[in-house]
Amino acid sequence: MDRRCVELQVVLQCAPTLAGLKTSNLLIVPKDQEDKVRFVLRHSGLLGYRLVYDRHRVIFLVFNRDKLISYLAKPVVSLAV
């Protein structure tokens, strides 16, 4: 999987977040592509947090920082914590 394939996976798996429809998405890629994913995310306007990794894959939580902060600031959400 080269960088273009990683870019395609980000687009396919995170389209709702890229379009601003969702705050976050999960992104699952082969473990050897983690650095390429970080490069692509750095240039996408989204942030990625590695949730899980094993011998074969990495699962990222990909999110829009501003949307997440706005969502967490809502009184209904902050009361749930």
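Computed from a predicted structure; not experimentally measured.
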Exercise. OG of S44 to CG of L47: how many Å apart, nearest 0.5 Å?
Worked result: 8.0 Å
Below 3.5 Å, can you tabulate the donor-acceptor pairs from side chains in residues 53-62 to any protein atom, sequence neighbours excluded?
residue : atom : partner : partner atom : Å
D54     : OD1  : H56     : N            : 2.8
D54     : OD1  : R57     : N            : 2.9

Exercise. Which pairs, with at least one residue in residues 15-33 and sequence neighbours excluded, count as a salt bridge (Lys or Arg N to Asp or Glu O under 4.0 Å)?
Worked result: none
Exercise. Who pairs with N25 by side chain to side chain donor-acceptor pair (under 3.5 Å), at least two apart in sequence or on another chain?
Worked result: T17
Seminar exercise, completed: Residues passing the side chain to side chain donor-acceptor pair (under 3.5 Å) test with R38, sequence neighbours excluded, are E34
Problem set entry | Euclidean distance, L27 CG relative to F63 CZ, rounded to 0.5 Å | 13.0 Å
Problem set entry | 4.5 Å side-chain heavy-atom contact, Q13 and L26 | no
Problem set entry | Minimum-distance pair of heavy atoms, taken over all atoms of L18 and V10 | CD1-O, 4.0 Å
Exercise. I69, Y49: one ILVMFWY side-chain cluster at the under-4.5 Å cut-off?
Worked result: no
Seminar exercise, completed: Quick note, salt bridge (Lys or Arg N to Asp or Glu O under 4.0 Å) partners involving residues 59-74, not counting sequence neighbours, are none
For this session: Report the residues that fulfil ring-ring contact (aromatic ring centres under 6.0 Å, His included) with H43, sequence neighbours left out, ordered by chain and then residue number.
Result: F39
For this session: Measure the spacing between OG of S24 and CG of N64 and express it to the nearest 0.5 Å.
Result: 10.0 Å
